[in-house]
Chemist: 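Just passing along the structure, written as structure tokens.
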Amino acid sequence: MSDQPFELDGISNPAPEGDSPPPAVAPVAVDRAFGQDNRARLLEEYFAPYGTVEPGNAWKHTYRLLLWLDRTTGLAHCYESDKSQAGRPWYARSLAFHDWVSASLDVDPRDLGEHIDVLFRRASADLAAAAANRRARLAESARKQRSIYLGRGMPEPGEDPELEEIVTAVLDPYLVTPPPAEVMRNLTERIQAHVGQENKRKNLVGEGFEDAIAALLRRVTGVPDVHDIYVRPSLHDLPGFRPPRAGSKKRQVDLALVHRVSGYRTLVSCKWSVRSDREEQFASDFSDYAELEDAGKDFSYVLVTNEFDPARLAAACDMRRQNAPLFTDVVHVNPQGVLAAYSDRGSNAKTEGGQARASRRISEKRVQALGSWLGSLATA
DNA sequence: GATCTGCCGACATCCTTTTA
DNA sequence: TAAAAGGATGTCGGCAGATC
């Protein structure tokens with residue numbers, strides 16, 4: 001893959017608002033910066049310079065688009081942050097993964113953050129711009145709303161006395177004069193926005209992962225010629241599935257592929273990460289799909305994930321329905337990244353049961369690489 | 001002490017209903 | 001009829017108790 005042609009300048013540090021006019025926002029981002037239309041626009045922009053995608057590079061695009069740095073460690077996020085703190089077992093694994101992914105993307109480990117997380121950073125910039133526009137638009141009515149309380153000492157929007165106190169207490173020895181109230185308010189608003197930003201990520205990662213995989217499917221040579229690709233379709237819009245009974249909730253699937261010649265159907269569940277409640281959902285989803293299957297023909301059920309937890313990854317491989325594996329294929333963005341994390345040299349772990357089990361699933365190819373799955377679809 | 005397991009909160013979007 | 005409000009749904013990571 002060539003060096004990042006996608007323009008990222010200015011994403012991380014948008015200019016402070018001040019008196020400057022509100023920034024321009026793409027129309028699709030005005031109300032729903034994280035919505036599917038804006039995600040589609042951002043993906044289109046991202047992939048435009050590349051044209052088609054080699055299956056072997058699919059994981060690089062996925063990580064450039066969606067992987068992020070854990071703010072508490074500065075390392076590529078591959079596990080829950082509380083267990084990834086320095087000195088704890090997953091810190092060593094996070095270091096190993098960060099080292100591996102930096103080398104594989106051919107970037108300096110210190111600069112990795114500038115090369116990944118494109119989708120979230122772009123959508124967040126749109127969100128901030130849209131919020132600035134909205135504030136500017138509502139400023140006049142806000143002024144009217146506050147006017148009847150003039151002189152009553154009403155708090156200003158964005159004021160956070162506790163946070164201001166922390167900031168001024170720390171900086172006090174270095175300040176010649178206390179910052180003006182407006183400057184402090186602007187600072188606390190920016191700190192709050194920065195801290196609150198991480199909570200929004202999961203809203204983008206979820207469907208953003210599905211969109212990114214769909215975008216790759218459409219760009220790997222051969223796949224769109226051989227398969228019709230559906231993103232979050234209703235099940236009954238796919239051939240061979242019937243609508244649910246009246247009054248029952250309609251069923252959706254994350255992604256679906258239908259072979260253009262044979263009509264063979266592949267239902268895909270995309271989950272960036274897995275928890276046990278989601279594992280249960282896999283089984284109940286499959287049972288719903290099977291119940292609504294109306295053509296009397298087989299279909300595949302595939303999991304695409306970026307889960308690093310060995311127990312969860314192995315469990316997904318081993319889940320069964322009746323006398324067959326639940327998932328036809330378990331696809332990981334890059335199993336080599338998982339193995340790199342497990343191979344950390346600083347770990348003092350005593351038990352390796354889960355890791356050994358997950359590693360075995362990878363070596364047996366039960367966990368398949370995204371690239372090889374895409375390649376197999378192109379030739380299917 | 002490490003790993004496994006399950007629950008929960010924060011959030012955004014999307015769809016439906018209500019209000020002006 | 002358009003805008004606003006309300007509610008449902010679905011996403012994920014964080015967290016903590018249970019187990020090994």
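What's counted below: heavy atoms across the whole structure, side chains too, no hydrogens, waters or symmetry copies. Throughout, a chain's letter reflects where its sequence line sits, starting with A, and its residues are numbered from 1.
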Chemist: Along nucleotides 2-10 of chain C, 5' to 3', which nucleotides get a B, which get an S, and which get a -, given that the test is a protein heavy-atom distance under 4.0 Å?
Modeler: --------B
Chemist: Test your reading of the model: is there a side-chain donor-acceptor pair from Arg88(A) to the backbone of Asp82(A), 3.5 Å cut-off?
Modeler: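 Yes; at least one donor-acceptor contact below 3.5 Å.
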Chemist: Tell me: CZ of Arg32(A) to P of dT11(C), nearest whole Å?
Modeler: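 Arg32(A) atom CZ is separated from dT11(C) atom P by 18 Å.
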Chemist: Once you round it to whole Å, what is the distance between C1' of dT11(C) and CG of Leu66(A)?
Modeler: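 About 13 Å, once rounded to whole Å.
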Chemist: On DNA chain B, nearest-nucleotide positions of Ala33(A) versus Asp277(A): which is more 5'?
Modeler: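 Per heavy-atom nearest nucleotide, the more 5' residue is Asp277(A).
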Chemist: Determine the contact category for Glu198(A): base if any of its heavy atoms lies under 4.0 Å from a base atom, sugar-phosphate if only primed atoms, P, OP1 or OP2 are that close, otherwise nothing.
Modeler: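 The residue Glu198(A) makes no contact with any strand.
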Chemist: Between dC14(B), dT3(B), dC15(C), which nucleotide gets closest to the side-chain atoms of Asp82(A)?
Modeler: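 Comparing dC14(B), dT3(B), dC15(C) against the side chain of Asp82(A), the answer is dC15(C).
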Chemist: Using atom CD of Glu279(A) as one end and atom P of dC4(B) as the other, report the distance to the nearest whole Å.
Modeler: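 Spelled out: CD on Glu279(A) to P on dC4(B) is 11 Å.
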Chemist: I need the CD-P distance between Glu280(A) and dG6(B), as an integer number of Å.
Modeler: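 To the nearest whole Å, that distance equals 6 Å.
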Chemist: Kindly say if Arg201(A) contacts the phosphate of dG14(C), meaning a side-chain N or O under 4.0 Å from OP1 or OP2.
Modeler: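 So the side-chain polar atoms of Arg201(A) never come under 4.0 Å of the phosphate oxygens OP1 or OP2 of dG14(C).
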Chemist: Can you figure out which of dG6(B), dC4(B), dT3(B) approaches the side chain of Ser276(A) most closely?
Modeler: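 Nearest to the side-chain atoms of Ser276(A), counting from C-beta on, is dG6(B).
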Chemist: Of the candidate nucleotides dC15(C), dG9(B), dT3(B), which contains the atom at the shortest distance from the side chain of Glu80(A)?
Modeler: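 Among the listed nucleotides, the one closest to the side chain of Glu80(A) is dC15(C).
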Chemist: Tell me the interatomic distance from Arg275(A), atom CZ, to dA10(B), atom P, rounded to whole angstroms.
Modeler: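 The distance from CZ of Arg275(A) to P of dA10(B) comes to 17 Å, rounded to the nearest Å.
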Chemist: Fit a plane to each ring of Phe47(A) and His61(A), take the angle between them on a 0 to 90° scale, and name the class: parallel (under 30°), tilted (30 to 60°) or perpendicular (over 60°).
Modeler: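 Tilted, since the angle between the ring planes falls between 30° and 60°.
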Chemist: Are Val118(A) and Arg122(A) packed together at the side-chain level, in the sense that at least one heavy-atom pair is separated by less than 4.5 angstrom?
Modeler: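 Yes; the side chains approach each other to less than 4.5 Å.
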Chemist: Under 6.0 Å between the ring centres of Tyr79(A) and Tyr91(A)?
Modeler: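 No, ring centres 6.0 Å or more apart.
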Chemist: How many Å lie between CG on Leu127(A) and P on dA10(B), as a whole number?
Modeler: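 For the pair Leu127(A) CG and dA10(B) P, the rounded distance is 18 Å.
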Chemist: Quick one: ring-ring contact (aromatic ring centres under 6.0 Å, His included) partners of Tyr289(A), sequence neighbours excluded?
Modeler: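 If we apply the ring-ring contact (aromatic ring centres under 6.0 Å, His included) test to Tyr289(A), skipping adjacent residues, the hits are Tyr301(A).
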Chemist: Counting N and O atoms only, with roles assigned by atom type, does the side chain of Ser372(A) sit under 3.5 Å from a partner on the main chain of Gln368(A), one being a donor and the other an acceptor?
Modeler: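 A pair under 3.5 Å: no.
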Chemist: Out of dG14(C), dC15(C), dT3(B), which nucleotide sits closest to the side chain of Lys83(A)?
Modeler: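 So the side chain of Lys83(A) is nearest to dC15(C).
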Chemist: dG14(C) P sits how many Å from Asn199(A) CG, rounded?
Modeler: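 So the CG-P distance, Asn199(A) to dG14(C), works out to 10 Å.
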Chemist: Looking only at side-chain atoms of Lys200(A), point me to the closest of dT13(B), dA12(B), dC15(C).
Modeler: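 Out of dT13(B), dA12(B), dC15(C), the nucleotide with an atom closest to Lys200(A)'s side chain is dA12(B).
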Chemist: Establish, yes or no, whether the cationic atom of Arg201(A) lies under 6.0 Å from the six-membered ring centre of Phe120(A) and within 45° of the ring axis.
Modeler: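 Flagged: Arg201(A) positioned over aromatic ring of Phe120(A).
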Chemist: Arg278(A) CZ to dC8(B) P: how many Å, rounded?
Modeler: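 So the CZ-P distance, Arg278(A) to dC8(B), works out to 14 Å.
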